[in-house]
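For reference, the structure discussed in these notes is given below.
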Number of protein chains: 2
Amino acid sequence: MWADNEQRAPRGDESGGGLRRRATIHDVARLAGVSRQTVSRAVNDKGEIDPATKERVLEAARMLDYRPSRFARGLVRKGTVTAGLVIPDLMNPFFPEVAAGVLEAAEQRGWQVVVWDIRTDDGREREALDVLSHQADAVVGYFKNDDDVLARHLGGMPLVLLERGPQQTRFAAVGIDAAAGLEQGIAHLVRTGHRRIGMLDGDRLDAPGPRREAFLAEARRHRLPVDGSWVVKCPEHSVAGGEAGMERLLAARPEVTAVFGFNDLIAIGAIRTARRHGRQVPGDLAVMGFDGLSLGELVEPALTTLHLDKRRLGRLAVEQVARLRAGEEPLTGADAWVIPELVVRTSA
Amino acid sequence: MWADNEQRAPRGDESGGGLRRRATIHDVARLAGVSRQTVSRAVNDKGEIDPATKERVLEAARMLDYRPSRFARGLVRKGTVTAGLVIPDLMNPFFPEVAAGVLEAAEQRGWQVVVWDIRTDDGREREALDVLSHQADAVVGYFKNDDDVLARHLGGMPLVLLERGPQQTRFAAVGIDAAAGLEQGIAHLVRTGHRRIGMLDGDRLDAPGPRREAFLAEARRHRLPVDGSWVVKCPEHSVAGGEAGMERLLAARPEVTAVFGFNDLIAIGAIRTARRHGRQVPGDLAVMGFDGLSLGELVEPALTTLHLDKRRLGRLAVEQVARLRAGEEPLTGADAWVIPELVVRTSA
DNA sequence: AACGTTCCCGTGAACGTTCACGAGCCGCCC
DNA sequence: GGGCGGCTCGTGAACGTTCACGGGAACGTT
């Protein structure tokens with residue numbers, strides 16, 4: 001006499017709305033007149049079941065809109081791994097590409113990935129970690145917060161930091177060899193006759209990031225007439241940010257003859273304001289980016305840049321997670337670094 | 001005498017590798033000399049616990065590298081919702097933006113989102129659904145497969161289709177009002193004197209998609225001298241695809257004077273080959289895109305396009321999922337449609 | 001001295017599934 | 001007619017956590 005089981009149909013009237021209790025395996029078993037185990041056999045189509053009863057069970061399941069609880073199932077069947085991926089800003093074309101790498105590698109291992117878009121609000125990093133620490137088995141991503149803060153919020157979960165050099169953190173990391181990149185980049189600029197080179201840095205913090213440090217180091221090495229006053233910070237890692245930054249650089253150092261962008265977006269912004277100020281690119285001003293977005297081939301002039309294998313970055317990160325989980329030593333040094341490759345187009 | 005508990009440290013030697021059994025709440029309880037419940041109180045920091053014992057428990061948890069099982073926890077605490085998001089191609093800047101909308105709306109509801117990148121391999125749609133049907137509570141995404149195939153692979157899960165008009169599917173959907181968009185677009189082209197208008201379609205199938213149909217309808221309405229032979233298919237939704245398609249369109253219909261792209265990427269490709277063929281844009285050939293990627297402002301000439309609120313698309317999809325889950329009627333008609341808005345820049 | 005409060009802590013039960021085992025039934029062969 | 005093997009199906013137990021209780025100790029109040 002429990003025939004009033006809930007049907008799957010929306011039943012719009014059913015005033016009060018709200019979800020009914022989800023049907024469990026017991027409900028299906030009762031409706032089909034069999035035991036739990038038989039239901040389990042039917043829905044997971046194992047053998048040991050009569051085709052007729054199987055069909056009857058499946059029908060019952062359909063009527064009750066039964067779906068097995070992934071929690072109960074996960075509790076007894078081990079092996080489902082969920083990784084968290086934390087990304088600063090999905091609107092920046094750089095990140096979808098590393099995300100693609102992460103997704104690809106994760107899928108190969110049979111893992112699933114839950115994604116968080118921080119939207120460049122550092123505070124949200126902590127929220128992300130708080131929920132992820134409950135729902136994921138490991139986390140990879142970009143983080144601005146300090147190691148301590150992160151540790152506090154991830155409650156023991158393995159963490160792989162993106163683009164923090166393995167030296168800059170006590171977590172596993174995969175980084176970018178900014179020094180190697182800048183070496184190629186600055187060398188190319190110097191080779192083509194530039195000495196008054198500025199930089200549009202992207203770091204929000206006061207502490208200089210690896211790219212700025214490498215830039216300054218190369219400047220010293222080549223004895224360029226360049227110091228900290230030649231780098232201006234672009235808090236926004238976007239074309240608009242680059243435009244604004246270039247505006248300030250031009251004001252501070254009008255004699256600048258080449259400029260290095262923290263990333264391709266910023267570099268493109270630099271090109272735009274340079275042109276707006278009547279400077280030809282690359283004639284009056286050479287511009288070099290960093291990242292190697294495919295976007296760079298599309299703009300005018302095509303962007304010379306330090307190209308990065310972003311997909312590989314993502315794949316490496318997943319590999320690090322795997323090592324952590326296996327209790328192995330994470331990769332360090334060259335194995336955990338992606339080195340940029342100079343791609344000369346026309347902007348420099 | 002169970003003092004040989006596994007430590008968190010990597011212990012590289014431990015030959016044989018592999019994960020030890022994860023520590024459970026019982027292990028922590030025993031090590032700390034308390035009951036499960038007390039451990040639970042400590043790690044979830046509820047009250048009703050002496051600060052001293054709490055610290056002791058936490059220390060024990062740290063030693064054993066204890067992390068609560070999300071399955072066991074989810075089993076008893078209801079309310080964690082996981083949605084699957086299936087995306088054709090993360091490399092196309094269009095999709096990260098709708099993904100951002102989905103993520104944003106999902107997060108507001110406290111849901112998490114696991115993402116699948118299909119990488120434009122329709123076969124992988126099914127794999128994605130197979131996995132997701134076990135691990136998610138609902139799915140939203142782009143799918144090429146037919147309703148039947150989808151239904152078979154998602155085992156009763158609610159599904160929200162992106163960019164299939166609510167009329168074209170029996171699932172809930174959120175779509176794009178291609179007709180309204182094309183009306184504005186073609187009107188603009190006609191207004192500026194064009195009549196020999198071609199289209200670079202993106203649909204892989206032979207059946208014409210909504211955009212092509214709307215294009216053809218508008219062509220008829222304006223009595224343009226244009227038929228099916230003026231639309232060429234670009235199987236690849238990318239700049240390269242657009243370049244190739246434009247090559248063919250130029251060969252088939254050299255008299256073309258304006259071209260409508262399935263997509264901004266394709267439109268940009270069209271611009272590039274047009275120029276390569278010595279045609280000025282928009283002088284000799286007007287080009288119009290569809291999507292309104294921010295990329296379009298960066299290329300030369302800046303792309304005139306039918307701009308879409310992609311974020312809103314994503315948010316709407318999540319809202320549909322919510323309705324489905326609540327047993328309400330999903331949105332239909334204008335409420336579930338995003339209408340494009342003509343953004344005139346310089347390419348047309 | 002009895003009683004109420006507050007603070008801390010532990011004990012069954014429940015969540016929904018799968019696993020390991022065993023039982024009944026049927027047909028067949030010796 | 002007894003035994004044996006192959007199907008089909010059901011029964012406890014276990015997975016790891018939280019919830020709803022209840023209990024004891026310490027302290028104060030009347």
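Both backbone and side-chain heavy atoms feed into the values below; hydrogens, waters and symmetry mates do not. Lettering follows sequence order; numbering is per chain, from 1.
Evaluation of the side-chain hydrogen bond (donor to acceptor under 3.5 Å, both in side chains) rule for B:D130 yields B:H153 as partners, not counting sequence neighbours. Listed by chain and residue number, A:D65 satisfy the salt bridge (Lys or Arg N to Asp or Glu O under 4.0 Å) test with A:R67 (two or more places apart in sequence, or in another chain). Among residues two or more places apart in sequence or in another chain, the side-chain hydrogen bond (donor to acceptor under 3.5 Å, both in side chains) test is passed with A:E163 by A:Y142, A:R211. Judged as a salt bridge (Lys or Arg N to Asp or Glu O under 4.0 Å), and not counting sequence neighbours, the contacts of B:R119 are A:E107.
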Apply side chain to side chain contact (heavy atoms under 4.5 Å, CB included) to the pair A:R325 and A:W111, showing each step before the final yes or no. CA-CA 13 Å; A:R325 286 179 45 85; A:W111 301 354; 4.2 Å; yes

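With C:dC8, D:dT8, C:dG10 as the candidates, the nucleotide lying closest to the side chain of A:P51 is D:dT8.
For A:D147 and A:T169, the side-chain atoms include at least one donor-acceptor pair closer than 3.5 Å.
Interface residues of residues 127-139 of chain B facing DNA chain D, ordered by number: none; criterion, heavy-atom separation under 4.0 Å.
Using N1 to N3 plus N6-O4 or O6-N4 for Watson-Crick, or N1-O2 and O6-N3 for G-U wobble, each under 3.5 Å, D:dT30 pairs with C:dA1.
Evaluated for a side-chain contact (heavy atoms from CB on, under 4.5 Å) with B:F171, the options B:L159, B:V160, B:L324 yield exactly one hit, B:L159.
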Reading nucleotides 16-26 of chain D from 5' to 3' and marking B where a protein heavy atom lies under 4.0 Å of the base, S where only the sugar-phosphate is that close, and - otherwise, the string is BBBB-------

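At the phosphate of D:dC9, OP1 or OP2 sits under 4.0 Å from a side-chain N or O atom of A:T53. Remark: A:S35 is not in phosphate contact with D:dC9, judged by side-chain N or O atoms under 4.0 Å from OP1 or OP2.
Here the side chains of B:K54 and B:D45 are in contact, with some heavy-atom distance below 4.5 Å.
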